[in-house]
2 protein chains.
Amino acid sequence: MCFRGFVLVLGEQREAVRLFNNPGAQECADVIMSAASKRRAVIVLGVCEVSYRGRTSSELARGERLVIVKEDGSLLVHRTWGYKPVNYMPPGAMVYAKSDSGSVVISAKRGSESMRVVFHKVYLAATLNFRDDSSFEQKGTEAQMRDAVVFYPELVEKGLRVLTHEFQVKSGFVDLMALDSRGRLVAIEFKANPAKTADVNQLIAYVSRLRALSKERGIRGVLAAPSINKAARKLLVDSGLEFKRLDKDECLRVLEEFKPTMSLLSFIEKGDEHSA
Amino acid sequence: MCFRGFVLVLGEQREAVRLFNNPGAQECADVIMSAASKRRAVIVLGVCEVSYRGRTSSELARGERLVIVKEDGSLLVHRTWGYKPVNYMPPGAMVYAKSDSGSVVISAKRGSESMRVVFHKVYLAATLNFRDDSSFEQKGTEAQMRDAVVFYPELVEKGLRVLTHEFQVKSGFVDLMALDSRGRLVAIEFKANPAKTADVNQLIAYVSRLRALSKERGIRGVLAAPSINKAARKLLVDSGLEFKRLDKDECLRVLEEFKPTMSLLSFIEKGDEHSA
DNA sequence: CGTGCCAGGTGCCAT
DNA sequence: ATGGCACTTGGCACG
């Protein structure tokens, strides 16, 4: 079956989806422009080719793909495999569509970047009038690990006292600065994922900066993560730094326990925030 | 208009898209399972909620969204805005769909990760029987900048001789090792984007390793990038390292010029590849 | 706006 | 499989 110009409206209470089956080039371009003006998303299924100029440049020859034009101006070209779009424009692009000798040309511009999708054949276009104001809640991030240690420093070691977070040195920001039970400064870098060599390099850069600032004072560097790979641990130890295993779930438990009783700010603000 | 169970087949020569308007829960689940068994992608438009457990955990409450089940097992939940899917499973997941008291439940598992999408209402499902074997060609990457310098070292400086690439030290891999006209070793780190502090830190780590290996020999460190931000340049200079502006287009021109006449390998293989 | 840095990063390629 | 690293990284927070 092949219907040209057949339009379906879906959604029981409200027109949530408007379908255009086998639209002509001009109709499809109109659909996209009309949706853009109403800040609605459009999906297009069909045969297209794509070119991109900007941070790099790329060419994608003819093939059947799914294109999504979103209400914020982002534009995604998806193949039938892979997590990532093969081509895209990030949010904020200006998207135009026009008919050109039987093809639909979608162009998107954003600063010095531009993308052009040419559809030789459109099987289906659909405009989405969607409602979606639900919040997205996530648990188990690095920031939460750090917060847990702020609340309960013993997660790292006994007698630790937190001084400040995001302490600035030339090479960047130290996640957490603390004092150990013997009065030594401790720079702590958190990683939510297994620590790699690059993470150790980051800590090395920070600690060497801190040592340059305070030559007489002993400064410890601690990498706190769920685990660490072998090469990274070797580099860490060779550089005189330490690893502390930090369990994500345990951090979450601590957060759950402390959150009702204390505010994070009251802890954080105790630390002096100077810049180095 | 609201059609239940109305099926359209789109594509003139071949059934490229099969549409299911307002499918029932069981029908929709069947469509997804059937597509999965044939390694075909499916898109689903409707009202859903999503939960994820794995590297972190997340909850996304009810809302209207676009879900893509791809032929490689990847699963994307897209809202009508934003470049990224709000929830997803990477390629390789096992995807199942079933009907459960009027809802469609899509679950995906991959190692210790799992995701669950519950559709309370499906406006549209579509199976994609797409052909797309075009290659994706990209120009202007960091690797190409490095190749250009291998062909024509003068892009960095006169008299430079390339020794080897991806030279391994404990902190990682040095993009390119070379000798300058005065016989000093030069470690070169390429960046396709404006260089940041983190990039300087990377070079610092490499050069300090190289200096530890060869204390008597003078070792230069060069960061080659289209540009460098202010803080990064300061850190670079303070660390006794150098910046070399490298224009992407010029690198591409050099590549275009040299590619016909010489093979990259003949250059690369001249260098000795030892490990440090 | 630039700068820094995390991300459920993903993807590619090396050992 | 693990590791190292680029990516049109995207995204957020902060000065």
Interatomic distance at P, C/dG8 relative to D/dG4, whole Å |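 My reading of the P atoms in C/dG8 and D/dG4 gives 22 Å.
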Inter-nucleotide P distance (D/dT8, C/dC5), Å rounded =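 Each nucleotide's P atom is 22 Å from the other's.
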Does the ring centre of B/Tyr88 sit less than 6.0 Å away from the ring centre of A/Tyr83?
->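 Ring centroids of A/Tyr83 and B/Tyr88 are less than 6.0 Å from each other.
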Under-4.0 Å side-chain N/O to phosphate OP1/OP2 contact, B/Asn193 with D/dT9 |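 Result: yes.
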Distance check needed: [N] [atom2] versus [X] [atom1], whole Å only.
X: A/Asn229; N: D/dA1; atom1: CG; atom2: P; result: 17 Å
X: A/Asn201; N: D/dA6; atom1: CG; atom2: P; result: 12 Å
X: A/Glu113; N: D/dT9; atom1: CD; atom2: P; result: 8 Å
X: B/Asp175; N: D/dG4; atom1: CG; atom2: P; result: 15 Å
X: A/Lys84; N: D/dC7; atom1: NZ; atom2: P; result: 10 Å
X: A/Leu235; N: D/dT2; atom1: CG; atom2: P; result: 20 Å
X: B/Trp81; N: D/dG11; atom1: CH2; atom2: P; result: 13 Å
X: B/His165; N: D/dC5; atom1: NE2; atom2: C1'; result: 14 Å

Closest-nucleotide 5' rank along DNA chain D - winner of A/Lys196 and B/Lys248 |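 Counting from the 5' end, the first nearest nucleotide belongs to A/Lys196.
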Any side-chain heavy-atom pair from [X] and [Y] closer than 4.5 angstrom?
X: A/Val162; Y: A/Pro153; value: yes
X: B/Asn87; Y: B/Leu60; value: yes
X: B/Glu49; Y: B/Val118; value: yes
X: A/Arg209; Y: B/Leu235; value: yes
X: B/Asp238; Y: B/Leu236; value: no

Applying a 4.0 Å non-hydrogen cut-off, can you work out what [X] is touching in the nucleic acid: base, sugar-phosphate, or nothing?
X: A/Phe190; answer: nothing
X: A/Glu189; answer: sugar-phosphate
X: B/Ala198; answer: nothing
X: B/Pro90; answer: base
X: A/Tyr52; answer: base
X: B/Gly54; answer: nothing
X: A/Thr141; answer: sugar-phosphate
X: A/Gln202; answer: sugar-phosphate
X: A/Met89; answer: nothing
X: B/Ala143; answer: nothing

Could a donor-acceptor pair under 3.5 angstrom be found where the side chain of A/Asn87 meets the base of D/dT8?
->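 Checked by distance alone, the answer is yes.
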Quick one about [Y] and [X] (side-chain donor to acceptor, distance below 3.5 Å, no hydrogens or angles considered), yes or no?
X: A/Lys196; Y: A/Gln202; result: no
X: A/Glu137; Y: A/Ser135; result: yes
X: A/Tyr52; Y: B/Gln138; result: no

Nearest nucleotide by nearest heavy atom, which residue falls closer to the 5' end of DNA chain C, B/Tyr88 or A/Tyr206?
->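 Final value for this comparison: A/Tyr206.
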Start at the 5' end of DNA chain C and walk down; is the nucleotide closest to B/Arg55 or to A/Phe173 reached first?
->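 Comparing both residues, the 5'-ward one is A/Phe173.
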Heavy-atom contact window of chain B on DNA chain C, given 5' to 3' at under 4.0 Å |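 Listing 5' to 3', DNA chain C meets chain B from C/dT3 to C/dG11.
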